[in-house]
Amino acid sequence: MIRYLTEHYELLGNAFAEHLWLVLVTLVLSLLVSALLSLVLIRSEKASNLVIQLFGVIYSIPSLALFAILIPVTGLGDKTAILVLCAYNQYLLLRNILTGMRNVDRNLLEAGTGMGMSSWQLLRTVQIPLAMPSILAGIRLSIISTTGITTIAAAIKAGGLGTVLFSGMRTMNVYKILWGTILCVVIALIADLGLKQIENRVEKKLGGMRTEA
Amino acid sequence: MKAVELVHVDQKFPNMSYKALDDVSLKIEQGEFVTILGSSGCGKTTLIKMINRLYQPDKGEIRLFDEEISKKDPVQLRRKIGYVIQQIGLFPHMTVYENIATIPRILKWDKTKIEEKVQEMLHLVGLEPKEYRNRYPAQLSGGQQQRIGLARALICDPDIMLLDEPFGAIDAINREKLQNELKSIHSKSKKTYLFVTHDIREAFKLGTRVIVMNRGKILQYDTPEEIRQNPADGFVSDLIQTMEDAPGTGNEEL
């Protein structure tokens with residue numbers, strides 16, 4: 001097992017790096033998209049529910065099917081993969097960002113508006129900071145989900161650890177399958193633990209302020 | 001020049017059988033402390049939310065110092081009006097200092113000026129700056145929180161203060177203290193205060209004039225003595241009766 005790792009260090013390392021790269025690019029892009037969408041959607045509860053439901057439907061389409069549908073449009077490779085992964089992430093991110101911002105106490109918003117804060121100032125200084133725990137939870141979920149689904153993206157030649165897994169399955173190479181799985185879990189675990197840590201810190205900071213007087 | 005003037009203001013909410021404000025006209029002189037008294041649903045909160053444009057009237061005009069407010073930018077308008085609500089609405093993730101300094105920071109005041117003003121405000125509401133400035137709202141009692149709410153509303157030296165049942169959720173002893181302090185802050189400032197309450201004793205104690213409202217209409221608008229001696233109708237005299245039947249408890253609520 002260890003020998004397999006030392007002998008195929010390069011193959012596994014490359015796949016790992018590719019995988020990490022795909023997850024990162026997906027995360028950055030989907031955060032940008034969801035941030036923009038949230039800014040538009042925060043104004044209308046109806047519209048946000050509709051859009052979240054729409055992404056919920058997309059989220060429920062199996063990834064292999066969605067990749068296959070898009071091949072005629074965007075072709076094989078990482079572009080198609082990232083597009084699909086971003087679409088999946090919107091469901092997780094939008095839901096968390098928007099509920100986080102909506103759950104901010106209405107009285108705070110009324111007090112802020114009443115004293116002359118513009119809706120943008122309220123968003124920036126009150127709603128987003130108070131929604132941070134929920135936003136971070138969304139990011140954590142989306143990294144974990146992306147890490148998993150990216151393995152399937154190897155089927156459309158997007159690279160990553162999925163390549164190792166698929167070739168392991170074809171050749172019945174248990175070591176390959178095991179190492180592919182372990183490395184995936186490593187990415188997900190590190191992201192999970194790291195973000196949990198940040199979440200706890202933010203939560204603690206907000207929590208200290210919320211202890212009932 | 002009147003500080004506040006309402007001319008035939010009408011407001012109807014979709015799920016109410018009567019109008020929240022029914023052809024209300026009203027003039028308030030500068031420097032008055034006007035309390036608005038009525039039971040829930042009488043339109044008293046609607047009335048003050050019209051003044052800082054949290055609500056838009058269906059009909060009618062509202063003028064502050066002879067200026068029609070519908071022609072002004074609501075955000076700019078609100079910065080010149082102090083606003084205090086029963087739920088207080090302090091930002092939980094900001095310290096006392098940051099809460100009070102919110103609007104001065106937006107207006108990009110000089111740092112030392114903000115510092116000085118916050119100190120002055122904390123002294124004004126009876127809290128020692130050193131002890132309280134770095135606390136978070138959750139580390140304060142309800143009464144202290146509302147003092148910060150007052151300080152936050154007063155810092156830009158607003159010409160008009162709108163207070164929506166600010167002491168409604170505060171215990172009787174602290175309420176009494178806060179009422180006295182608010183009264184003395186007002187009499188030093190010469191600004192115009194509008195204070196909504198459903199507590200008749202509070203309304204008569206604080207108001208230089210009292211507005212009695214029911215079902216969207218102003219029943220009487222006069223000094224407390226005048227209302228007590230010459231109630232405008234049965235509703236008002238019943239109201240005064242409730243206060244006189246149980247003197248001294250301080251809890252007469254509609």
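Keep in mind it's a predicted model, so treat the numbers as computed, not measured. The chains referred to below are lettered A, B, ... by the order of the sequence lines, with proteins before strands, and numbering in each begins at 1.
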Asker: Is a side-chain donor-acceptor pair under 3.5 Å present for B/Tyr55 with B/Gln11?
Answerer: no
Asker: For B/Leu162, which atoms come within 4.5 Å of any heavy atom of chain A: side chain, backbone, both, or neither?
Answerer: neither
Asker: Determine whether the side chains of A/Asn89 and A/Thr146 contain a donor N or O and an acceptor N or O closer than 3.5 Å.
Answerer: yes
Asker: Looking at B/Asp199 and B/Arg175, is any side-chain nitrogen of the basic one under 4.0 Å from a carboxylate oxygen of the acidic one?
Answerer: yes
Asker: Name the region of B/Leu77, side chain, backbone, both or neither, that has any atom closer than 4.5 Å to a heavy atom of chain A.
Answerer: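 Nothing of B/Leu77, per the 4.5 Å heavy-atom cut-off to chain A.
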Asker: So which part of B/Arg53 gets closer than 4.5 Å to some heavy atom of chain A, the side chain, the backbone, both or neither?
Answerer: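 Answer is neither: B/Arg53 stays 4.5 Å or more from chain A.
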Asker: Would you mind checking which part of A/Thr125 comes under 4.5 Å of any heavy atom in chain B, side chain (CB onward), backbone (N, CA, C, O), both or neither?
Answerer: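 Both backbone and side chain.
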Asker: Using modelled atom types only, decide if a donor and an acceptor are shared between the side chain of A/Asn107 and the backbone of B/Gly89 within a distance under 3.5 Å.
Answerer: no
Asker: Verify, without hydrogens or angle tests, whether B/Arg79 (side chain) and A/Gly116 (backbone) share a donor-acceptor contact under 3.5 angstrom.
Answerer: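 Checked: pair present.
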Asker: Relative to chain A, which segment of B/Lys80 carries a heavy atom at a distance below 4.5 Å: side chain, backbone, both, or neither?
Answerer: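 Contact with chain A: none, neither part.
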